[in-house]
There are 2 protein chains.
Amino acid sequence: MKRLSTADRTSPVPPLAKGSGDEPPFRLEAFLPYRLSVTANRMSRAFARAYGTRFGLGIPEWRVMAVLGTGGAMTAGGVVERTAMDKVKVSRAVAALEAKGHLARRPHPEDRRSALLELTAAGRRVFEQIVPLARALEAELTAVLGPDDRARLAELLARLDAHLRDVGDATLDAGDPG
Amino acid sequence: MKRLSTADRTSPVPPLAKGSGDEPPFRLEAFLPYRLSVTANRMSRAFARAYGTRFGLGIPEWRVMAVLGTGGAMTAGGVVERTAMDKVKVSRAVAALEAKGHLARRPHPEDRRSALLELTAAGRRVFEQIVPLARALEAELTAVLGPDDRARLAELLARLDAHLRDVGDATLDAGDPG
DNA sequence: GAGATGATGTTTCAGATGAAACGATTGTCA
DNA sequence: TGACAATCGTTTCATCTGAAACATCATCTC
């Protein structure tokens with residue numbers, strides 16, 4: 001990390017003090033969408049590293065396992081609903097998990113376009129190893145917030161998310177680092 | 001919604017406790033990293049759409065403009081520090097902004113490897129158009145939260161982010177080679 | 001039924017991403 | 001000085017991403 005040597009050069013350009021009146025100058029680091037994005041990406045990266053090195057899983061794969069591990073058998077569409085992921089991403093994560101032997105498809109009794117997805121016994125063992133790790137990592141990474149603030153943050157995010165879903169053209173999606 | 005098993009514990013860092021028996025089942029939608037990622041992504045998409053359709057800018061480009069618009073001239077490294085973006089992403093955003101005539105490079109007086117980046121007059125005009133839009137969109141998208149909750153959320157995120165930056169590289173017993 | 005329309009999941013394709021390699025320059029030290 | 005390491009920003013390359021096209025099956029309408 002080097003110090004900016006622009007100290008000598010910053011004076012000439014007027015700091016662009018928003019002409020239209022007395023609004024405070026725009027500050028990116030106080031801009032909520034920016035804060036959200038940066039923090040979420042940092043968090044995602046930490047988890048991606050943990051899942052990747054210990055279990056060879058990406059975040060999409062982990063999410064699929066998470067819903068199948070607790071929700072029982074369901075279709076790919078059900079996974080899409082519950083993970084807020086794109087159907088393409090779910091499709092690929094399911095294929096990857098199947099190739100790893102963590103997941104099996106069985107024909108849907110009422111719809112031959114679809115299939116029921118289920119963790120294999122091996123997949124369930126992996127899932128049960130991941131859950132404690134995920135909880136511990138969550139606890140460690142959010143340790144600065146006490147339990148109260150953590151709950152508060154979760155609640156604020158849930159409220160904000162619900163609102164965004166209403167306002168924002170219902171664009172289902174969740175992404176990872178980016 | 002807050003059935004955290006750690007509710008009664010107040011010590012800041014739960015020591016990786018593998019609760020053997022009676023933990024509640026894992027629920028993805030109550031998992032903070034997931035909530036953060038989903039919400040941040042929804043928000044980013046809304047802004048990307050707004051910037052893209054109105055100004056032909058991507059989010060990385062907007063961020064570069066934001067720091068140059070308020071911070072005056074600085075090097076690409078300075079932009080990296082202030083935007084928390086990868087240097088590759090900054091490099092490409094700068095090139096794109098230069099191609100659009102929103103930004104100009106001028107040689108750094110003390111280091112010929114680098115250059116000082118600055119908004120052009122046209123770029124500044126665009127920036128001044130974006131800021132009110134960005135503020136209005138932020139206000140609209142976060143309207144469910146009152147001003148207090150919004151500030152609270154920003155504060156929690158800032159605290160969390162600072163912690164992630166500290167802890168970031170040394171996560172839980174990560175001693176895996178390769 | 002036959003045909004049209006809709007739903008489900010996969011594949012394609014063009015763009016975005018970032019780790020690593022790279023050229024150019026600056027800093028360090030014998 | 002000369003050699004070597006470090007830093008700045010760009011480029012390369014392999015991977016990830018999702019909109020759109022696609023193949024398949026289901027449902028609706030006549």
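Remember, it's a predicted structure, so these values are computed and weren't measured experimentally. Order of the sequence lines fixes the chain letters, A, B, ..., with proteins taken first and strands second; residue numbering starts at 1 for each chain.
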Quiz item: Is a donor-acceptor pair below 3.5 Å formed from side chain Arg45(B) to base dG18(D), judging by atom type as modelled?
Solution: no
Quiz item: Any N or O donor-acceptor pair linking the side chain of Arg112(B) to the base of dG9(D) at under 3.5 Å?
Solution: no
Quiz item: So, Arg124(B) side chain and Leu119(B) main chain: donor-acceptor pair closer than 3.5 Å or not?
Solution: yes
Self-check item: Crowding at CZ, Arg42(A) (>12 non-hydrogen neighbours, <6.0 Å)
Solution: yes
What pairs of nitrogen or oxygen atoms, one from the protein and one from nucleotides 2-6 of chain C, lie under 3.5 Å apart?
unit_1: dG6(C); atom_1: N2; unit_2: Arg113(A); atom_2: NH1; d: 2.8

With the threshold set at 4.0 Å, does a side-chain nitrogen-carboxylate oxygen contact exist between [X] and [Y]?
{"X": "Arg152(B)", "Y": "Asp149(A)", "answer": "yes"}
{"X": "Arg105(B)", "Y": "Glu98(B)", "answer": "yes"}
{"X": "Lys100(A)", "Y": "Glu61(A)", "answer": "yes"}

Quiz prompt | Contact list for residues 27-52 of chain A, test ring pair (Phe, Tyr, Trp, His ring centres under 6.0 Å), sequence neighbours left out | solution = Phe26(A)-Phe31(A), Phe31(A)-Phe47(B), Phe47(A)-Tyr51(A), Phe47(A)-Phe31(B), Tyr51(A)-Trp62(A)
Quiz item: Any side-chain N or O of Lys87(A) under 4.0 Å from OP1/OP2 of dG18(D)?
Solution: no
Exercise. Considering just the side-chain nitrogens and oxygens of Ser91(A), establish if one lies under 4.0 Å of OP1 or OP2 belonging to dT10(C).
Key: yes
Euclidean distance, atom [atom1] of residue [X] to atom [atom2] of [N] [Å, nearest integer]:
{"X": "Trp62(B)", "N": "dA16(C)", "atom1": "CH2", "atom2": "P", "result": "20 Å"}
{"X": "His108(A)", "N": "dT24(D)", "atom1": "NE2", "atom2": "P", "result": "20 Å"}
{"X": "Leu116(B)", "N": "dC8(D)", "atom1": "CG", "atom2": "P", "result": "14 Å"}
{"X": "Arg92(A)", "N": "dC16(D)", "atom1": "CZ", "atom2": "P", "result": "9 Å"}
{"X": "Met85(A)", "N": "dG18(D)", "atom1": "CE", "atom2": "P", "result": "10 Å"}
{"X": "Arg49(A)", "N": "dG18(C)", "atom1": "CZ", "atom2": "P", "result": "14 Å"}
{"X": "Asn41(B)", "N": "dA16(C)", "atom1": "CG", "atom2": "P", "result": "16 Å"}
{"X": "Arg42(A)", "N": "dG18(C)", "atom1": "CZ", "atom2": "P", "result": "13 Å"}

Quiz item: Do the non-hydrogen side-chain atoms of Arg82(B) and Leu28(A) ever get within less than 4.5 Å of each other?
Solution: no
Kindly point out which of [options] is positioned nearest to the side chain of [X]?
{"X": "Val88(B)", "options": "dG18(C), dG18(D), dG9(C)", "value": "dG18(C)"}
{"X": "Lys89(A)", "options": "dA20(D), dT17(D), dG9(D)", "value": "dT17(D)"}
{"X": "Ser114(A)", "options": "dT12(C), dT26(C), dG9(C)", "value": "dG9(C)"}

Practice problem: Starting from the first five and the last five pairs of the helix from dG1(C)-dC30(D) to dA30(C)-dT1(D), work out the angle between the resulting helix axes, to 10 degrees. | Solution: 10°
Quiz prompt | Worked check of salt bridge (charged side-chain N to carboxylate O under 4.0 Å, His left out) between Arg135(B) and Glu23(A) | solution = CA-CA 11 Å; Arg135(B) 283 185 153 132; Glu23(A) 299 246 342; 3.3 Å; yes
Practice problem: Give the C-alpha distance, both sets of side-chain angles, the deciding distance and a yes or no for salt bridge (charged side-chain N to carboxylate O under 4.0 Å, His left out) between Asp161(A) and Arg165(A). | Solution: CA-CA 6 Å; Asp161(A) 190 49; Arg165(A) 208 183 306 201; 3.4 Å; yes
Practice problem: Give the minimum heavy-atom separation between Val38(A) and Thr83(B), together with the two atoms involved. | Solution: CG2-O, 4.4 Å
